[in-house]
Amino acid sequence: MTNGSRRARLGRKIIAPALAVVVLAVGAHLWLNTNLFGDDDVCGGLVSADTAGDVFSHSGRISDRDGLDDRPGDRLAFTCRVETSSFLPGADDEHLTISATRERGDFPFTDDGRWPNPATMSFFPDGDTDGSGATGAIGSDHGWVLLPDACTTADGPAIIEGYAPEGSDPVRVARLLTEVANKAAERADCAAERPLTAPTALTSAPKARQVDAGTVCGLRGLRFPGPDGVTGARETVQDGTGPTWACAVHDYATYTVTQEPHIVAGIRSSSGYEEQPRVAGHQVSGFDPQHVVADCAGTPTYFSLAAGRDYLSALEGPGAPRLGELFENFVDVAEERFGCTAP
């Protein structure tokens with residue numbers, strides 16, 4: 001045997017094990033650090049692994065822990081936790097939680113501590129659509145999408161709610177929630193004729209600014225929701241081109257108006273919606289005197305006022321207007337802007 005033959009055989013003996021190690025290492029990497037050869041969807045088929053993977057900041061193995069936790073008797077009541085795991089250095093595990101629930105129709109505008117302040121959210125659709133655009137809102141790590149009107153029952157409209165890692169791309173979160181909403185509606189036999197479409201862009205959440213005493217929330221004549229003479233107060237105004245407007249005067253009050261038809265339909269279909277005392281000359285219905293719907297030249301329009309802790313504290317001393325006075329003033333000042341001038 002020549003020296004060349006011995007060297008070739010020796011090379012093959014060395015290369016073969018080395019290749020095997022490389023193949024095993026590549027296979028382990030693909031299995032542990034990517035979703036290649038993993039499930040195409042999780043959460044009982046409601047969540048696409050690819051769409052969920054787009055929300056996370058790094059690639060990894062997509063799983064749903066214990067799977068879909070749903071409630072017998074209501075296919076639109078479930079929760080699922082999706083996570084991505086990776087063994088790459090510096091790649092922490094990330095997770096998102098997706099759930100379907102039924103809520104009172106004005107849930108985004110109530111101050112129950114669960115929902116982000118509406119003035120800090122990006123609402124969609126933000127402008128005219130062909131009617132198939134999804135209705136929802138996304139914040140820094142929390143968002144929701146409304147299911148089609150046909151999914152509404154006596155228990156209220158159905159929504160898909162999601163908590164994503166902080167800093168997630170809001171458009172990708174909206175796409176994920178819209179995709180789940182379509183699949184959940186199909187699963188519950190209440191899908192619309194055309195699937196809901198996710199927004200391709202979202203307006204940025206507004207930045208806080210100092211309150212101008214002459215135009216609180218940008219509305220001339222709106223009274224400050226607290227005692228006279230307060231200085232340095234801040235406000236955040238969600239004032240895009242869409243059908244939902246909101247303003248938070250930090251720690252004092254949050255004002256909201258929406259003419260978004262699917263939100264208003266859910267409000268009017270909810271339990272407890274009934275006639276309320278007239279406001280600024282308008283006949284209204286709602287859940288209480290500060291969460292009502294008025295007819296604005298044929299367009300149902302929802303107005304709400306949620307009091308903050310500083311306002312409630314101010315009520316213990318002199319100089320703070322009563323809640324009813326504040327709301328009357330708000331509707332009176334805002335009505336012309338939204339085509340709601342009372343007869």
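Sequence positions, counted from 1, serve as the residue numbers for this chain. Treat the numbers as computed from the prediction; the structure is a model and nothing was measured.
- Without hydrogens or angle criteria, Gln276 side chain to Gly286 main chain gives a donor-acceptor distance under 3.5 Å.
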* To do: Let me see the working for Arg75 and Asp70 under side-chain contact (heavy atoms from CB on, under 4.5 Å), right down to the final yes or no.
  => CA-CA 7 Å; Arg75 307 202 81 181; Asp70 52 359; over 6 Å; no

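- For the 3.5 Å distance criterion, the side chains of Glu260 and Thr135 qualify, holding a donor opposite an acceptor.
- By the 4.5 Å heavy-atom criterion applied to side chains, Phe303 and Thr258 are not counted as neighbours.
- Partner of Leu176 under the side-chain contact (heavy atoms from CB on, under 4.5 Å) criterion, chosen from Thr51, Val171, Ile160: Thr51.
- For the pair Val279/Pro277, no side-chain contact is recorded, criterion being any heavy-atom separation below 4.5 Å from C-beta on.
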* Start with the C-alpha distance between Thr97 and Thr79, add both sets of side-chain angles, then the distance that settles side-chain contact (heavy atoms from CB on, under 4.5 Å), and finish with yes or no. => CA-CA 7 Å; Thr97 302; Thr79 299; 4.0 Å; yes

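- Looking at every heavy atom in both residues, Leu219 comes nearest to Arg337 through CD2-NH1, 3.8 Å.
- Not one N or O on the side chain of Asn329 forms a donor-acceptor pair closer than 3.5 Å with the backbone of Gly324.
- With ring centers used as reference points, Trp245 lies 6.0 Å or more from Tyr255.
- Put simply, the side chain of Glu103 reaches to within 4.5 Å of the side chain of Arg114, judged on heavy atoms.
- Taking 4.5 Å as the limit, every side-chain heavy atom of His95 sits out of range of all side-chain heavy atoms of Pro165.
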* To do: Mind running side-chain contact (heavy atoms from CB on, under 4.5 Å) on His282 and Val331 for me, showing each step along the way?
  => CA-CA 9 Å; His282 297 281; Val331 176; 3.9 Å; yes

* Asked: Can you check side-chain contact (heavy atoms from CB on, under 4.5 Å) on Thr299 and Val264, steps first, answer last?
  -> CA-CA 10 Å; Thr299 301; Val264 176; over 6 Å; no

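- Geometrically, Arg71 does not engage Phe78 in a cation-pi contact defined by less than 6.0 Å to the ring centre and at most 45° from the axis.
- Two rings, from Tyr252 and Phe224, have their centers less than 6.0 Å apart.
- Put simply, the residue from Asn117, Thr120, Thr110 that forms a side-chain hydrogen bond (donor to acceptor under 3.5 Å, both in side chains) with Thr254 is Asn117.
- Considering every non-hydrogen atom in both Phe124 and Ile138, the closest pair reads CE2-CG1, 3.7 Å.
- Pro321 and Tyr311 get closest at one heavy-atom pair: O-OH, 2.6 Å.
- Between Thr152 and Ser270, the closest side-chain pair of non-hydrogen atoms is not below 4.5 Å.
- Nearest heavy atom pair, residue Ile267 against residue Tyr273, reads O-CD1, 3.6 Å.
- Contact record, Ala248 with Ala119: N-CB, 3.7 Å, taken as the closest heavy-atom pair.
- Looking at Ser122, its side chain does come within 3.5 Å of a backbone N or O of Thr203 through a donor-acceptor pair.
- Aromatic ring orientation, His142 versus Trp115: parallel (interplanar angle below 30°, classes split at 30° and 60°).
- Closest of all the heavy-atom pairs between Pro125 and Pro243 is O-CD, 3.5 Å.
- Side chain to side chain, His250 and Thr236 meet the donor-acceptor criterion of an N or O pair below 3.5 Å.
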* Apply salt bridge (Lys or Arg N to Asp or Glu O under 4.0 Å) to Asp74 and Arg102, showing your working. => CA-CA 10 Å; Asp74 190 346; Arg102 296 189 183 278; 3.1 Å; yes

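- No side-chain heavy atom of Arg223 sits less than 4.5 Å from a side-chain heavy atom of Val216.
- The existence of a salt bridge linking Asp251 and Arg309 is confirmed by a sub-4.0 Å separation between a basic side-chain nitrogen and an acidic carboxylate oxygen.
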* Asked: Stepwise, does the side chain to side chain donor-acceptor pair (under 3.5 Å) test hold for Ser57 with Glu94?
  -> CA-CA 8 Å; Ser57 64; Glu94 294 181 312; 2.7 Å; yes

* To do: Kindly indicate, with the supporting measurements, whether the criterion side chain to side chain donor-acceptor pair (under 3.5 Å) is fulfilled by Asp41 and Ser48.
  => CA-CA 4 Å; Asp41 50 51; Ser48 162; over 6 Å; no

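- At least one side-chain heavy atom of Asp106 sits under 4.5 Å from a side-chain heavy atom of Tyr302.
- Taking the six-membered ring for Trp and thresholds of 30 and 60 degrees, Phe123 and Phe109 have nearly parallel ring planes, at less than 30 degrees apart.
- Counting only distance, with no hydrogens or angles, the side chain of Glu328 and the backbone of Ala280 share a donor-acceptor pair below 3.5 Å.
- Side chain of Arg322 to backbone of Glu325: no donor-acceptor contact under 3.5 angstrom is found.
- More than 12 heavy atoms of other shown residues, nucleotides or ligands fall within 6.0 angstrom of atom CG in Asp288.
- Looking only at atom types and distance, the side chain of Thr301 has a donor-acceptor partner in the side chain of Gln259 under 3.5 Å away.
- Between Leu323 and Gln290, some side-chain heavy-atom pair lies under the 4.5 Å cut-off.
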